[in-house]
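Scroll down for the structure; my scribbles are underneath it.
We name chains A, B, ... by the order of the sequence lines, and we start the count at 1 in each one.
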Amino acid sequence: MASAQQNYFELFGLEPNFFVDQKDLSDKLRRLLHSAHPDRHASGGSQQQMLAMQKTTRLNDAFAVLKHPVKRAQYLLQVVKGIDTTKDHTVDDPEFLMQQLELREELHNITGDKDATALMDFADKIEQMAEVQEAELGELFKQDAWDIDALKVAIYKLQFLYKTLHDIELAEDKILD
Amino acid sequence: MAYSEKVIDHYENPRNVGSFEKDDSTVGTGMVGAPACGDVMKLQIKVNDDGVIEDAKFKTYGCGSAIASSSLVTEWVKGKTVDEAQTIKNTEIAEELALPPVKIHCSVLAEDAIKAAVKDFKDRSQK
């Protein structure tokens, strides 16, 4: 059993790649979780059950990473190139950051006004920006020789947009309450 | 996680929130961000003819520690020369606010922001 050494892609029978068919991934998760379910190993003793439980946890961790474009991109860079982009570092890109600051201000004002329609429009706008940014990131991963610096920039830009999407969810809760 | 009293004080009563006209030649603007937590910080200084920082303002979207760190820095830099301001260390900020280890990066961000603001001021005053 070499399952502990398998990376998240291998766990799902995939080549390390940015492009992951999400429907296929969900189907595989369901099948793999089913066969790893601790109840199916009830006769195998506590050791077997523990292994089954560990496998289940690892499958869920892997799924969470492969599902999320930012986490998947970071994991891919880690697995293929050994580069860790998850550590905190300061981004010095005034133009992009100013735009992000303005977007947060806009969201802040929408939340203050409790304007549900404006929030939906704003969410659409950010989702579109995230889609464009994800496509850009995908293009970079398609190249034969990866431009690591460009990849890092594309990843952090997407990260900021996902942070705003997360804040939008929080704002939804606030407005709907 | 529990915030220290000083963090809560700065978070609830942030000092110097706002903006200066960034094209003003006496103003330096530092824009920094941390992708991992998504924080964005803008720190601005207004410098007089003697190179002394007369006023400072900030705008931060992020956690309480990031807001407190930038608020504290705007207080500290007033009355300092730009060169003095550049020597502010994140460890001093973290110590003053009693930041826990997981929030040290917020003080790093504030240090980077004041450095970027001074650099921006110097770059533009040389022109």
Sorted by chain and residue number, the salt bridge (charged side-chain N to carboxylate O under 4.0 Å, His left out) partners of Asp9(B) (sequence neighbours excluded) come out as Arg15(B)

Flag side-chain contact, heavy atom, 4.5 Å: Met98(A) against Lys22(B) | yes

Gap between atom CG of Leu97(A) and atom NZ of Lys42(B) - 0.5 Å precision | 12.0 Å

Separation of Asp39(B) CG from Thr90(A) OG1 (nearest 0.5 Å) | 10.5 Å

Is the number of heavy atoms from other residues, nucleotides or ligands under 6.0 Å of [X] [atom1] greater than 12?
X: Tyr11(B); atom1: OH; answer: no
X: Glu15(A); atom1: CD; answer: no
X: His68(A); atom1: NE2; answer: yes
X: Gln143(A); atom1: CD; answer: yes
X: Lys174(A); atom1: NZ; answer: no
X: Lys67(A); atom1: NZ; answer: no

Anything in residues 47-63 of chain B with a heavy-atom distance to chain A below 4.5 Å? Please list those residues in order.
-> Lys59(B), Tyr61(B)

Chain A contact residues among residues 74-86 of chain B, heavy-atom distance under 4.5 Å | none

Between [X] and [Y], is there shared hydrophobic-cluster membership here, with clusters defined by ILVMFWY side-chain heavy atoms closer than 4.5 Å?
X: Ile83(A); Y: Leu158(A); result: yes
X: Tyr75(A); Y: Leu77(A); result: yes
X: Leu137(A); Y: Phe19(A); result: yes
X: Phe96(A); Y: Leu151(A); result: no
X: Leu170(A); Y: Tyr162(A); result: no

Closest approach of Pro35(B) and Gln159(A), non-hydrogen atoms and distance?
-> CB-OE1, 3.1 Å

Can you name the closest pair of heavy atoms from Gln100(A) and Val40(B) and give their distance?
-> CB-CG2, 4.1 Å

Within residues 101-109 of chain A, which positions have a heavy-atom distance to chain B below 4.5 Å?
-> Leu101(A), Arg104(A), Glu105(A), His108(A)

Honestly, the part of Lys119(B) sitting under 4.5 Å from a heavy atom of chain A is neither

